[in-house]
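What follows is a single structure, written as structure tokens, with notes after it.
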Amino acid sequence: MELLSGNEAVAQGAWEAGCTIGVAYPGTPSTETMEEFAKKPDVYAEWAPNEKVALEVAVGASAGGARVLSTMKHVGLNVAADPLFTAAYTGVNGGLVVMVADDPGMHSSQNEQDSRNYAHAANIPMFEPSDSQEAHDFTRDAFGLSEEFDIPFMVRGATRVSHSKSLVQVGEKTPHELVPYSKSADKWVMMPIFAKPRRRDLNERLDRLSAWADECPYNRMELRDTKVGIVCSGASYQYVREALPEASVLKLGVVWPLPAGLLAKFAAEVDSLYVIDEASDYLSLQVKASGVEVAQTPEPLPRNGELSPAAIRAAFGLQGFDHEYAPTDVPARPPALCPGCPHRLVFKELAAMRAIVTGDIGCYSLGGMPPLNGIDTILCMGGSVSMSHGFELAMAGTEHRPIVGIIGDSTFAHSGLTSLLGTAYNKGAGTICILDNRTTAMTGKQGNPCNGVTLQHRPSREMNIEALIAAMGIEDIRTVDPYDRQAVRSALKEATANTDDLSVIVFRHPCVLLTKEKPAKVCMVDGNCSACGVCITIGCPALAKNPVTGQAEIDPDLCIGCGCCEQYCKSGNITREAR
């Protein structure tokens with residue numbers, strides 16, 4: 001037995017099934033899955049530039065006969081949707097499993113999204129584990145099932161299952177021979193003449209899958225008090241068992257296709273059947289569509305956020321649990337950029353310019369938080385560049401504030417390249433800032449094409465951002481040290497003054513978390529501080545205001561000696577000194 005998180009258990013189950021290839025793009029709460037898989041013996045694993053590329057590589061490896069795992073978070077599945085839908089038609093050669101991790105409660109995401117809807121829409125079977133043991137077992141078995149039914153299988157994780165640890169009975173690796181590839185246009189060439197009969201073949205496979213779902217041991221009926229019957233899946237099962245321990249439960253391990261026969265059998269055993277789901281009506285709609293009558297809880301379940309045992313009890317008019325209620329007197333701890341983050345001054349100067357800033361997905365999203373307040377919009381990966389172009393189109397011919405798009409190096413490689421290409425191709429104007437901190441910082445310092453660091457540290461190539469931009473025909477390209485306030489200010493003013501053309505500034509400095517060495521110097525405030533508060537406005541966690549004197553104070557244990565605050569101290573009362 002081993003204590004594993006859901007993500008670790010998925011990696012272990014894939015390895016035990018003889019999976020030898022893993023492809024992913026990091027995204028919380030899925031990231032650790034591929035990191036753990038990459039540590040297994042005799043496997044190949046890589047970070048792809050984005051989820052679409054990852055799944056396409058996975059489908060290619062499956063066609064070549066290998067068992068393949070592809071992992072991503074829920075919004076990454078949007079990016080991968082194009083190959084996903086067609087992969088149901090082509091089917092597989094070697095087993096192909098796609099693990100997608102949803103984020104109810106939006107702990108680290110821009111939306112809540114239920115990936116089970118993708119399984120239904122794409123006609124791809126989906127497992128949903130409720131703990132680490134099931135994450136391991138479902139993933140391990142999914143590879144053989146994928147080959148048996150000639151279709152990719154999906155495994156749905158969620159924040160609580162992916163990141164919670166429980167005991168897992170692990171096993172040994174079962175070697176899997178490469179399935180020989182055989183040329184077959186009617187299976188792999190999805191143009192209409194082949195796709196139409198392949199769709200008919202998919203329907204036959206789906207009929208067999210539906211029959212299998214009714215017999216699958218991972219869907220189980222737990223009969224207790226039959227006055228109340230609950231249909232649930234995933235983490236919701238754990239909440240239901242705690243909230244309503246006497247209720248009968250139909251626990252679904254396969255959430256698409258649903259086991260219609262088992263649902264009807266369970267409904268006949270209980271007086272009232274309820275569906276408990278987390279921030280979604282997916283399961284309720286699917287159960288109703290199978291012809292089963294669903295009762296309404298006396299009070300509605302929460303329509304957003306994570307579910308909890310207390311919320312379930314409240315829905316049934318029962319008192320909650322005292323341990324579920326958090327104290328109300330805990331001081332707020334708003335998220336902030338790290339001490340010494342190289343992105344900080346860029347946002348400080350953009351705010352001072354009153355620029356309209358279209359932001360993107362990454363740790364630099366925190367530049368939109370007080371006191372920097374340096375971002376106007378955040379939509380999706382790569383959206384900053386395209387939205388900046390949209391702002392320029394809407395405001396063309398008017399006097400308007402500078403319009404600036406902000407994007408990180410990993411996100412630029414993910415989907416900013418095509419966005420910038422579109423703006424350049426259409427002769428767009430405006431300013432794009434690429435914050436190159438030499439890593440994918442937000443998800444844990446993973447490698448990406450811009451720093452040339454691969455998942456398993458194999459020899460690689462480092463993408464030349466400036467050369468790529470120049471290849472698009474963009475001429476106004478600047479590379480700036482983001483710790484130099486005057487250089488940052490000058491570059492932004494000059495670029496935004498160029499209103500007739502497109503300007504790109506690459507602000508390059510490594511993330512402060514890439515090195516764990518303590519800096520030789522830290523910033524200090526002398527006793528003559530005028531208490532003007534300007535240095536505090538850069539939002540560095542190492543800086544604070546003395547509640548009595550109003551003077552600035554610097555925590556030497558947090559300070560990395562970047563000197564940003566020193567550059568904003570007009571009276572010269574901040575200096576860098578030896579630690």
Side-chain angles (χ1 to χ4, degrees), residues 337 341-365 367-368 372 374-378 382-389 391-392 400-424 427-439 441 448 450-451 462-511 538 562 564 567:
L337 295 170
C341 175
H343 304 329
R344 180 168 278 109
L345 295 194
V346 177
F347 289 111
K348 173 68 176 173
E349 293 301 318
L350 285 170
M353 294 169 58
R354 296 188 65 250
I356 297 172
V357 180
T358 55
D360 222 299
I361 307 300
C363 55
Y364 49 88
S365 300
L372 292 169
I375 294 179
D376 290 81
T377 70
I378 294 178
S384 60
V385 181
S386 307
M387 287 190 69
S388 173
H389 180 47
F391 266 100
E392 289 283 356
H400 58 77
R401 293 153 54 192
I403 297 171
V404 178
I406 291 278
I407 191 167
D409 52 316
S410 182
T411 312
F412 180 66
H414 178 283
S415 46
L417 269 166
T418 48
S419 298
L420 186 61
L421 183 62
T423 305
K427 293 294 288 182
T431 300
I432 302 299
C433 297
I434 300 175
L435 307 181
D436 182 6
N437 63 0
R438 317 305 298 146
T439 190
N448 65 66
C450 293
N451 66 10
E462 181 179 324
M463 186 170 75
N464 187 322
I465 295 176
E466 289 87 345
L468 275 170
I469 297 167
M472 296 180 191
I474 300 170
E475 297 177 351
D476 188 5
I477 307 168
R478 308 155 196 261
T479 304
V480 177
D481 178 3
Y483 280 148
D484 186 336
R485 188 198 74 167
Q486 191 55 53
V488 171
R489 178 175 293 180
S490 298
L492 286 171
K493 284 188 174 181
E494 291 170 10
T496 55
N498 180 19
T499 57
D500 297 328
D501 207 349
L502 183 60
S503 300
V504 178
I505 309 172
V506 180
F507 291 104
R508 180 172 290 125
H509 196 284
C511 170
I538 68 172
C562 67
C564 291
Q567 296 177 75

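This one's a predicted model, so the numbers in the text were calculated from it and none came from an experiment. Start at 1 with the first residue, then count along the sequence.
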Can you tell me which residue pairs pass the salt bridge (Lys or Arg N to Asp or Glu O under 4.0 Å) test with a partner in residues 346-359, sequence neighbours excluded? Glu349-Arg489
So, the side chain of Ser386 versus the backbone of Ser419: is there a donor-acceptor pair under 3.5 Å, distance only? no
Taking all heavy atoms of Gly382 and all of Thr411, pick out the closest pair and write down the distance. N-CG2, 3.6 Å
Apply side-chain contact (heavy atoms from CB on, under 4.5 Å) to residues Phe412 and Val506 and explain how you reach the verdict. CA-CA 11 Å; Phe412 180 66; Val506 180; over 6 Å; no
Hey, what do you get for CD1 (Ile361) to NE2 (His414), rounding to the nearest 0.5 Å? 10.0 Å
For Val346 and Pro482, which heavy atoms make the closest approach, and how far apart are they? CG2-CB, 4.3 Å
Could you walk me through whether Leu372 and Leu337 pass side-chain contact (heavy atoms from CB on, under 4.5 Å), step by step? CA-CA 10 Å; Leu372 292 169; Leu337 295 170; 3.9 Å; yes
Show the nearest heavy-atom pair for residues Asp376 and Ala355, with the distance to one decimal. OD1-O, 3.5 Å
Output for pair (Met353 CE, Thr496 OG1), nearest 0.5 Å, gives 3.5 Å
Output every pair passing salt bridge (Lys or Arg N to Asp or Glu O under 4.0 Å) with a member in residues 429-439, not counting sequence neighbours, ordered by first then second residue. Asp436-Arg438, Asp436-Arg508, Arg438-Glu462
Using only atom types and a distance under 3.5 Å, with no angle test, would you say the side chain of Ser384 pairs donor to acceptor with the backbone of Asp360? no
Residues forming a side chain to side chain donor-acceptor pair (under 3.5 Å) with Ser410, sequence neighbours excluded: Tyr25, Thr440
Spacing of His400 atom NE2 and Thr499 atom OG1 [to the nearest 0.5 Å]: 7.5 Å
Please determine whether side-chain contact (heavy atoms from CB on, under 4.5 Å) holds for the pair Cys450 and Ile465, giving the CA-CA distance in whole Å, both sets of side-chain angles, and the decisive distance to 0.1 Å. CA-CA 7 Å; Cys450 293; Ile465 295 176; 3.7 Å; yes
Can you confirm whether Asp476 sits close enough to Val504 that some side-chain heavy atom of one is under 4.5 Å from a side-chain heavy atom of the other? no
Gln486 and Ser490: side chain donor to acceptor below 3.5 Å: yes
Side chain of Tyr364, backbone of Ile407: donor and acceptor closer than 3.5 Å? no
Could you tell me which residues satisfy side-chain contact (heavy atoms from CB on, under 4.5 Å) with Cys564, sequence neighbours excluded, listed by chain and number? Leu345, Tyr483, Ile538, Cys562
Main chain of Thr439, side chain of Asp409: is a donor-acceptor contact present, judged purely on distance under 3.5 Å? yes
Could you point out which residue of Ile469, Ile477, Ile432 forms a side chain to side chain contact (heavy atoms under 4.5 Å, CB included) with Leu502? Ile432
Ala495: which residues meet the side-chain contact (heavy atoms from CB on, under 4.5 Å) condition with it, sequence neighbours left out? Thr431, Arg478, Ser503, Ile505
Excluding sequence neighbours, so at least two apart, what forms side chain to side chain donor-acceptor pair (under 3.5 Å) with Thr479? Glu466
Provide the closest heavy-atom pair for Ala413 versus Met463 in the form atom of the first, atom of the second, distance. CB-CE, 4.1 Å
Measure the spacing between OG1 of Thr423 and CD1 of Ile474 and express it to the nearest 0.5 Å. 8.0 Å
Specify the closest pair of heavy atoms between Thr377 and Ile375, including all atoms of both residues, with the distance to one decimal. O-CG2, 3.3 Å
At their closest point, which heavy atom of Phe507 faces which heavy atom of Cys433, and how far apart are they? CE1-SG, 3.7 Å
Donor-acceptor under 3.5 Å (Thr358 side chain, Met387 main chain): no
Using modelled atom types only, decide if a donor and an acceptor are shared between the side chain of Asn437 and the backbone of His509 within a distance under 3.5 Å. no
